[in-house]
Amino acid sequence: MLAAVLLLALPFCTAELASSYAGSTVVDSYPPAGATNTAIDSYFPDASQVGYPGPTPSGTNTTFNVMRHWGNLGPMYSVESFGLPDASPIIPEGCGLNTVHLLMRHGARYPTSGSGPSQFAGELNTAASNESFSATGELEFLATWTYKLGAEILTPFGRDSLFSNGVAFRYRYGNLLNAFTDLPVFRTTSENRMVDSALNFAAGFFGLTTYETDYHQEIIIEADGFNNTLAPYGTCTNANTEDIGYFGDIQSGKWADIYLKSAQERLQPLIPGFDLTTSQLIAMQEMCTFETVALGYSEFCDLFTEEEWEGYAYYADFWYSEGPGNPTAAAQGLGYVQELVSRLTHTPIDVWNSTTNSTLDSSNVTFPLNQLIYVDATHDVVMSCIVTALNFTSLAASGPLPTDHIPPHRSYIVSQIAPYASQLVAQVLSCPASQEPTHIRFLLNDAAVPLTGINGCEEDPNGLCALPSFISGMQERIGEINFAYDCFANYTMPDPDTIIDGRYPTS
């Protein structure tokens, strides 16, 4: 449209024959030779000599970014470092890219059905019908506020994020398409937001007008009882029990009662007739995140202090639910690790002892092993489980998370691991560049992850591990994880929970 307007603004011209210099190279030469006259420089003093700069207040210089304290409900950002400050997402000098494996989370979504924000809205609506209810001060807006959010599906911002990620992925890795002899297969699950995320990514990667015919989109059923490595919780019983799978809720609840105490004391007097419990305050913080990614702005955000947002970020960490502190985490991530090793070794899976789908993964049509680009879409909790199964021990280095305070320099921060549109990229490289891959490294939201927790992988400033060593270390890790026991055995959580590798203690 803009181009059309610009064209209309130009004078109408008749076509001319091409000149003899059409397409030739023109080099500007400036400044003109002999034009420099230093004798008159004194006529043109710089700003420091002239003075009179006028008012120059810079305002408050703050580095606090509230969106980076929204845990898994915030947008992806480039992580500065996971302990390798000199590493770059750019291919290390002297290396060549052979294959790339992308595991990505869906984009920003509306709240899940029946979750805290919608419950808060319903209870507020009920309370507002009583004469004793009023909202004043910072909460005065609640007297006329309405709930405008959908449920489950992507927000416009979520769709845009995945499209943009597809474009960026094409910039970085699109040259690998030149070696394809058949259309690639990308995978996602059947949930609406998962399909839309995959399609928006593909539209950005391949192009809006051709993406539907440029690749094959595999959609794996996401439902209880269906094996699916991108949604493994449906076939891991213990992942869905109150005392094991939802143990993280118990632990985070202890912390919530502490970090929200001041907020409760500050805000409750402003809304008589409505009981601001800890759960309601958490819902209000979540409302800030959801309204922002859906509507662009939320009045709930300014209700909480920086310290309270730091408290929420810690509350939202997955350590005890889908992270290193839960005994089902590694088991849930096991299937994807088995698929990754199968792809790296070009060897079909022949042992079905996890969430791998034997129907799909035994077929070279639905689970090809010869692609140079692999793209899988999943959920936040699954990314956390897969990272745990991969044994990225640097993320668990600071150990179990206390429930009464935030430890300094903690290594496990879920906003860096599984935010909206999160990306885990495995770069398979040849160093020096050649046809045969020699090394592998992982980028988690643009930061290289140390692989020293994997047996055989040595320290490396770029996060590189020799490919044979990584494969051997992963096969060892696969052998350590007891899917049947961790997902189905009758056990109780250790007290205290000192698990740091996502497996139930063997002794």
Quick one: does any side-chain atom of [X] pair with a main-chain N or O of [Y] as donor and acceptor, under 3.5 Å?
X: N240; Y: Y233; value: yes
X: T289; Y: E286; value: yes
X: N238; Y: C487; value: yes
X: S197; Y: G107; value: yes
X: D497; Y: I499; value: yes
X: S161; Y: F157; value: yes
X: E458; Y: T452; value: no
X: N65; Y: M67; value: yes
X: N482; Y: Y485; value: yes
X: R193; Y: E152; value: yes

Got [X] and [Y] here, is their nearest side-chain heavy-atom distance under 4.5 Å?
X: L276; Y: M284; result: yes
X: F304; Y: Y312; result: no
X: Q332; Y: D486; result: no
X: T189; Y: I219; result: no
X: I386; Y: L334; result: no
X: I417; Y: L395; result: yes
X: P407; Y: P402; result: yes
X: V341; Y: I478; result: yes

Under 3.5 Å side-chain donor-acceptor pair for [X] and [Y]:
X: E123; Y: Q280; answer: yes
X: T278; Y: D257; answer: yes
X: T355; Y: Y336; answer: no
X: Y412; Y: S384; answer: yes
X: S422; Y: N445; answer: yes
X: T146; Y: K148; answer: yes
X: Q427; Y: H101; answer: no

Can you tell me which residue pairs pass the salt bridge (Lys or Arg N to Asp or Glu O under 4.0 Å) test with a partner in residues 401-428, sequence neighbours excluded? D317-R410

Applying salt bridge (Lys or Arg N to Asp or Glu O under 4.0 Å) as the test, list every pair that has at least one member in residues 133-145; sequence neighbours left out. none

Working to the nearest 0.5 Å, report the span between [atom1] of [X] and [atom2] of [Y].
X: T112; Y: I153; atom1: OG1; atom2: CD1; value: 13.0 Å
X: T393; Y: I454; atom1: OG1; atom2: CD1; value: 8.0 Å
X: L401; Y: Q251; atom1: CG; atom2: CD; value: 9.5 Å
X: L162; Y: N200; atom1: CG; atom2: CG; value: 6.0 Å
X: I244; Y: T492; atom1: CD1; atom2: OG1; value: 7.5 Å
X: I440; Y: T99; atom1: CD1; atom2: OG1; value: 9.0 Å

Compare every heavy atom of [Y] with every heavy atom of [X], then report the nearest pair and how far apart it is.
X: I91; Y: L429; value: CD1-CD2, 3.7 Å
X: A377; Y: T188; value: CB-OG1, 3.5 Å
X: L154; Y: Y110; value: O-CE1, 3.6 Å
X: A135; Y: A143; value: CB-N, 4.1 Å
X: T498; Y: P400; value: CA-CG, 4.0 Å
X: A329; Y: C385; value: O-CB, 3.3 Å

Mind checking what makes salt bridge (Lys or Arg N to Asp or Glu O under 4.0 Å) contact with E265, not counting sequence neighbours? K261

Identify, with sequence neighbours excluded, every residue that meets salt bridge (Lys or Arg N to Asp or Glu O under 4.0 Å) alongside E308. R266

Can the ring centroids of [X] and [Y] be said to lie less than 6.0 angstrom from one another?
X: Y374; Y: F186; result: no
X: Y320; Y: Y246; result: no
X: F470; Y: H439; result: no
X: F82; Y: F392; result: no

Hey, can you tell me if H106 and H379 have their rings parallel, tilted or perpendicular (30° and 60° cut-offs)? perpendicular

Cationic tip of R109 above Y420 ring, under 6.0 Å, 45° of axis: no

Kindly indicate, with the supporting measurements, whether the criterion side chain to side chain donor-acceptor pair (under 3.5 Å) is fulfilled by N357 and N227. CA-CA 5 Å; N357 188 306; N227 274 21; over 6 Å; no

Step by step, work out the salt bridge (charged side-chain N to carboxylate O under 4.0 Å, His left out) result for D376 and R105. CA-CA 9 Å; D376 295 319; R105 185 194 173 191; over 6 Å; no

Going through the checks in order, is the side chain to side chain donor-acceptor pair (under 3.5 Å) test met by N228 and E222? CA-CA 7 Å; N228 185 341; E222 178 174 347; 5.4 Å; no

Quick one: which of Q217, E218, E339 gives a side chain to side chain donor-acceptor pair (under 3.5 Å) with R187? E339

Which residues share a side-chain contact (heavy atoms from CB on, under 4.5 Å) with Q264, sequence neighbours left out: L281

Does the pair F163 and F205 meet the rule for a ring-ring contact (aromatic ring centres under 6.0 Å, His included), with working shown? CA-CA 8 Å; F163 183 89; F205 184 74; over 10 Å; no

What's the verdict on side chain to side chain donor-acceptor pair (under 3.5 Å) for T328 and N326, showing C-alpha distance, side-chain angles and the deciding distance? CA-CA 6 Å; T328 70; N326 191 280; 2.7 Å; yes

When F300 is tested against each of W70, F290, W145 for ring pair (Phe, Tyr, Trp, His ring centres under 6.0 Å), which residue passes? W145

Could you name each residue pair satisfying ring-ring contact (aromatic ring centres under 6.0 Å, His included) that touches residues 248-275, not counting sequence neighbours? F120-F274, W255-Y259, W255-Y314

